[in-house]
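Taking it in order: structure first as structure tokens, then the write-up.
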Amino acid sequence: MRIGYPCINRSIGCTPSSTFRLASYSPERLKATVEKNLTCLRNILRFNREAGLLFFRISSDMVPFASHPVCTFPWQERFGKTLSEIGLFIRKNRFRISMHPDQFVLLNSPREDVIERSIDELRYHAEFLDLMGLDTTAKIQLHVGGIYNDKSASLERFVTRYDLLDDSIRRRLVIENDEKLYSVTDCLGLYERTGIAVLLDTFHHSLNNTGEHIPDLLAPVRKSWKEKDGIPMVDYSSQQAGKRAGAHAGHINKEDFLSFLAETGTADFDVMLEIKDKEASAKTALVLARDDPRLVVRPGDPG
DNA sequence: GGCAGTCAAGTACGC
DNA sequence: GCGTACTTGACTGCC
């Protein structure tokens with residue numbers, strides 16, 4: 001078990017997801033922004049190594065407009081060397097890496113233009129991980145998509161689309177249950193049909209389920225991750241008091257996290273804390289888990 | 001320098 | 001039908 005947090009770090013004073021408006025696109029601007037983002041990513045990874053936080057989600061904004069027609073700058077060539085250096089650092093320190101394209105990426109849309117843009121965006125994500133030289137345990141996590149007034153037809157479209165994807169994308173793609181439309185059970189059904197691994201989001205599951213308890217889902221979810229995929233990734237969060245159902249907590253709820261560790265027993269996975277204060281809660285989680293035999297690195301271990 | 005309005009992209013939902 | 005929430009920050013133009 002590794003513990004981590006997504007995309008940004010709130011204490012080291014840089015952001016790895018600087019961007020700019022489409023209207024102000026220029027190759028120079030792109031180059032400068034990617035340079036800045038990569039430098040920050042490096043700093044975050046160093047910070048994480050020292051903190052013992054070995055699971056990290058890389059922001060989709062590393063290369064702004066990467067999949068947009070406006071972007072003709074050969075960022076792959078320009079930054080290939082830097083990316084492979086970062087990848088080496090990642091492999092050397094046994095980090096686990098994920099990426100999570102945002103809500104515009106939909107494989108089951110009935111609209112062909114949406115599908116095309118989505119595949120372009122997935123190609124960018126896969127390319128980014130490939131350039132770092134990461135193996136297929138580095139994943140791109142995606143939700144199943146929309147319902148479009150017909151859930152079974154929409155599931156069917158997902159299967160069809162998934163089968164048509166390039167292997168460079170397919171070998172990294174995993175599906176995550178969402179809080180409203182597609183439950184873990186729906187995702188496991190897609191696994192049965194396509195072989196795609198299922199990323200369990202415990203918080204989404206608490207909001208969208210058909211009565212299954214987390215401990216009962218661990219084995220079927222585990223089964224969907226093959227050896228080449230690595231151990232499962234799990235997203236963890238809890239409800240922010242006083243906000244709409246589904247709002248991510250601002251700080252880790254210690255009791256809730258401890259009971260999550262307890263109810264998952266000896267099942268091994270890497271866990272990502274989707275909590276708003278990012279590395280602060282992740283560090284707390286690491287301390288809370290210090291006696292858990294599943295942990296790869298304990299707090300205070302030399303980095 | 002500070003502020004408020006706005007930002008590539010899709011979908012579901014409430015009014 | 002239209003505006004808004006997702007996730008949330010941070011870019012941008014204006015004062």
Can you run through DNA chain C from 5' to 3' and write each base as (, ), [, ], | or . depending on how it pairs? Watson-Crick or G-U wobble, both distances under 3.5 Å. ||||||..|||||||
List in chain and number order the residues that pass ring pair (Phe, Tyr, Trp, His ring centres under 6.0 Å) with A:Tyr5, two or more places apart in sequence or in another chain; answer none if no residue qualifies. A:Phe56
Ring pair (Phe, Tyr, Trp, His ring centres under 6.0 Å) filter on A:Phe95, not counting sequence neighbours, yields none
Contact class for A:Ser118 vs. all strands (heavy atom < 4.0 Å): base, sugar-phosphate, or nothing? nothing
Quick check on the 6.0 Å ring-centre criterion: do A:His143 and A:Tyr182 meet it? no
Between C:dG3 and B:dC7 - P atom distance, rounded Å: 14 Å
Under the salt bridge (charged side-chain N to carboxylate O under 4.0 Å, His left out) test, which residues partner A:Lys81, sequence neighbours left out? A:Glu85
Please state the P separation for the pair B:dG5 and C:dT7 - nearest whole angstrom. 24 Å
Atom OH of A:Tyr5 and atom P of C:dT8: how far apart are they, to the nearest Å? 15 Å
Quick check on the 6.0 Å ring-centre criterion: do A:Phe257 and A:Tyr236 meet it? yes
d(CG, A:Asp178; C1', C:dT7) in whole Å: 14 Å
Which residues satisfy the side chain to side chain donor-acceptor pair (under 3.5 Å) test with A:Thr202, sequence neighbours excluded? none
Under the rule for side-chain contact (heavy atoms from CB on, under 4.5 Å), what residues qualify as partners of A:Thr185, not counting sequence neighbours? A:Ser183, A:Thr210, A:Glu212
Whole-Å C1' distance, C:dC11 and B:dG10: 22 Å
Any A:Arg29 side-chain N or O less than 4.0 Å from OP1/OP2 of C:dC11: no
B:dT6 to C:dT4 separation - C1' atoms, rounded to the nearest Å: 15 Å
Mind listing the side-chain donor-acceptor pairs of residues 97-106 of chain A below 3.5 Å, one per line with the distance, residues two or more places apart or on another chain?
{"from": "A:His100", "atom 1": "ND1", "to": "A:Gln141", "atom 2": "O", "distance (Å)": "3.0"}
{"from": "A:His100", "atom 1": "NE2", "to": "A:Glu176", "atom 2": "OE1", "distance (Å)": "3.2"}

Any residue meeting salt bridge (charged side-chain N to carboxylate O under 4.0 Å, His left out) with A:Glu35, in chain and number order, not counting sequence neighbours: A:Arg78
According to side chain to side chain donor-acceptor pair (under 3.5 Å), who are the partners of A:Glu279, at least two apart in sequence or on a separate chain? A:Ser11
Expressed in angstrom and rounded to an integer, what is the separation of A:Gln240 atom CD from C:dA5 atom C1'? 17 Å
Is the phosphate of C:dG9, meaning OP1 or OP2, less than 4.0 Å from a side-chain N or O of A:Ser17? no
Assign a letter to each nucleotide of nucleotides 7-15 of chain B from its 5' end: B, base within under 4.0 Å of a protein heavy atom; S, sugar-phosphate only; -, no contact. SBBBSS---
Atom pairs and distances, side-chain donor-acceptor, residues 19-26 of chain A, under 3.5 Å, sequence neighbours left out:
{"from": "A:Ser24", "atom 1": "OG", "to": "A:Arg21", "atom 2": "O", "distance (Å)": "2.9"}
{"from": "A:Ser26", "atom 1": "OG", "to": "A:Glu28", "atom 2": "OE1", "distance (Å)": "3.4"}
{"from": "A:Ser26", "atom 1": "OG", "to": "A:Arg29", "atom 2": "N", "distance (Å)": "3.0"}

Pairwise C1' distance for C:dG9 and B:dA12, with rounding to whole Å: 24 Å
Which atoms of nucleotides 13-15 of chain C (N or O only) lie under 3.5 Å from a protein N or O atom, and what are those distances?
none

